[in-house]
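Both backbone and side-chain heavy atoms feed into the values below; hydrogens, waters and symmetry mates do not. A, B, ... follow the sequence lines: proteins, then strands. Residue 1 opens every chain.
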Amino acid sequence: MIKTRFAPSPTGFLHIGGVRTALFNYLFAKHSGGKFVLRIEDTDLERSLKEYEKDIIDSLNWLGINSDEEAVHQSKRFDIYRSYCGRLTTNRHAYNCYCSEELLEEDRNRLISEGKKPMYVGRCRNLKPEEENPAKPHVVRFKVERGDNLTTGFRDMIRDQYVVVSNNEIDDFVIMRADGVPTYNFAVVIDDALMNITHIIRGDDHISNTPKQVLIYNALGFTPPEFAHVSMILGEDGKRLSKRHGATSVKHYKNGGFLPEALNNYLVRLGWSYGNEEIFSMEDMIKHFSLKNINRSSAVFNMEKLLWLNSHYIKSSPPERLINMINDMDVDAGVKDANGKRTRKRRLKIEAGDKTASLIEALKPRSKTLREMKEKMHFYLYDDITYNGSLLSGFNFNDGENLNKEVSFLNEFMLFLESLPDNSGVNLIKERFNSFLSGHNWTLKEKAMIIRIALTGEKVSPGIYEVIYALGKKRSGGRILKFIDFIHNYLF
RNA sequence: GGCCCCAUAGUCUAGCGGUCAGGACGUUGCCCUCUCACGGCAAUAACACGGGUUCGAAUCCCGUUGGGGCUGCCA
């Protein structure tokens, strides 16, 4: 049975690049009815944090990339690594190295200045038994077999070719630190072997590590798994994606109003394709995923396309779900007051209901993110909307006749509102409003804008019927009065 | 520096010896229209370069250039 894993180290929030490798591993396993598991590689005791681990797990959950087994923690398996390390030293596939870090540093500098490779000089490679002193601080190094024609390699499933390097290119790398903690290259091998991982899908920054790992598999008598190295995700500047490029962690996207399926869909198409298809549900991805359709070259992260997918999924989500997700965003949409200051009221949770649902329906095609959607709901969520003079440009209120005409229209509109049945739906409002206008020989084109501005305080909003419906008779009426008030205060 | 990986429009990609080099995002124009969007239609733009192999190369080989990665008692 196929079994894959995602093995992040909890030294940072779950990164977008990590999500893609997790997704690929997940899809590959699920495609063949196999298992996908999570392994926390927390051997870097300095930098690993529980907070990050929690973020990784929460983020994967949010994305629907779930582990089939309880997550394995490397920090709880130090005894295992030690015992395998012992096997290697007794096999003479590894040796104790007593060189101090300072000495190593000197070696390195000297070799570099001589224009040579900064590899371990081999001082402790062939120590006599009497020279050993395990009580002294030491690391354990893997003893790479030397010889001009010796090579080590592996087949990469994505490139469908062998990557082979000369053993002379491979240093006698450390597998066990002085404090008894295994290094990455050692712990991965032990765990992947013991966990029966059949396929390793990971970033191609691990290509050069793989020969080292193959050496360990062989020395321990394990059969190496299949390897598939996926290219990196680059920022717009062509450099490897990092914090410098802005939002790189999943939580940024969650709180920024992205839907998990948009992120998954975007990421799966970064490097993988299925003909000309662009839209994939999780089921679609599982159904069609295969390693041979993964591209070899690196991909540049493109926010525009992610936004396109996000708006696509917003459009196809029911309002109730959208409301829940908006309320779930950690950092709120950050509603600003007239002075551009954020206010406390942004904590307010949106209540579900017919009017809210209708408004959200109207806002769907206008919002690329949920954050944007919530900002556009401001006029609906809060009553303290403000007007400013620039809203009046275009009405030519300096002309007194014009002013009187519009104000009397607004007054007529008040009467119209009062005449509306209390529980009017959008369709009835539309019908009544249109006959109200034509009864006075007005057109929608002439009159929609001033109502929009009065009701929302904005020149841009959803359709006018939806706005009236969402606000209701009472709130709408209040705003008309407030607006008339504003006009007079502003002009006189 | 050494070693490894990669190379189709601005971006993601299809292509796997013979195609008018296809799709998507973006951009531009038009249509729709109460604003803004959505939507519809159309347009724009690519095989990095140089050698081979072949009747024929985006496709195969070599080199150049460019980009990325590794070169830690990080992962």
For [N], give the paired nucleotide (Watson-Crick: N1-N3 plus N6-O4 or O6-N4; G-U: N1-O2 and O6-N3; both under 3.5 Å), or none.
{"N": "B/G1", "answer": "B/U71"}
{"N": "B/A7", "answer": "B/U65"}
{"N": "B/C60", "answer": "B/G52"}
{"N": "B/U19", "answer": "none"}
{"N": "B/C41", "answer": "B/G29"}

When you compare the side chains of A/His245 and A/Asp237, does any donor N or O come within less than 3.5 Å of an acceptor on the partner?
yes

Regarding A/Asn167 and A/Thr152, do their side chains bring together a donor and an acceptor under 3.5 Å, going by distance alone?
yes

Partner set under ring-ring contact (aromatic ring centres under 6.0 Å, His included) for [X], not counting sequence neighbours:
{"X": "A/Tyr95", "result": "none"}
{"X": "A/Tyr81", "result": "none"}
{"X": "A/Phe379", "result": "none"}
{"X": "A/Phe154", "result": "A/Phe227, A/His229"}

Please give the distance between the C1' atoms of B/A45 and B/C20 as a whole number of Å.
16 Å

Scan nucleotides 63-68 of chain B against the protein and return all N/O pairs shorter than 3.5 Å with their distances rounded to 0.1 Å.
from, atom 1, to, atom 2, distance (Å)
B/G68, OP1, A/Lys239, NZ, 2.5

Tell me, which pairs form a salt bridge (Lys or Arg N to Asp or Glu O under 4.0 Å) where one or both residues lie in [range], sequence neighbours left out?
{"range": "residues 432-452 of chain A", "answer": "A/Glu406-A/Lys447"}
{"range": "residues 305-314 of chain A", "answer": "A/Glu278-A/Lys305"}
{"range": "residues 456-473 of chain A", "answer": "A/Asp422-A/Lys473"}
{"range": "residues 132-151 of chain A", "answer": "A/Arg146-A/Asp172"}

Would you tell me if any nitrogen or oxygen in the side chain of A/Asn295 comes within less than 4.0 Å of OP1 or OP2 on B/A14?
yes

Return no unless some side-chain N or O of A/Arg159 is found under 4.0 Å from OP1 or OP2 of B/C4.
no

Residue mapping more 5' on RNA chain B - nearest nucleotide basis, A/Ser273 or A/Pro182:
A/Ser273

Specify the residue among A/Glu41 and A/Ile294 whose closest nucleotide of RNA chain B lies further upstream toward the 5′ end.
A/Ile294

Ring geometry between A/Phe436 and A/Phe416 (parallel below 30°, tilted from 30 to 60°, perpendicular above 60°):
parallel

Ranking B/U11, B/G39, B/C73 by distance to the side chain of A/Val300, first place goes to B/U11

Out of B/U13, B/C73, B/C5, which nucleotide sits closest to the side chain of A/Ala299?
B/U13

Of all residues at least two apart in sequence or in a different chain, which pass the side-chain contact (heavy atoms from CB on, under 4.5 Å) check with A/Glu304?
A/Asn302

Is there a donor and acceptor pair, one atom on the side chain of A/Asn209 and one on the base of B/A75, closer than 3.5 Å?
yes

Produce the list of close N/O pairs, under 3.5 Å, pairing protein atoms with atoms of nucleotides 40-46 of chain B; give distances to one decimal.
none

Using a 4.0 Å heavy-atom cut-off, write out nucleotides 20-37 of chain B from 5' to 3' as B (base contacted by protein), S (sugar-phosphate only) or - (no contact).
--BBBSS-------BBBS

Classify A/His206 by what it touches in the nucleic acid, base, sugar-phosphate, or nothing, heavy-atom distance under 4.0 Å.
base

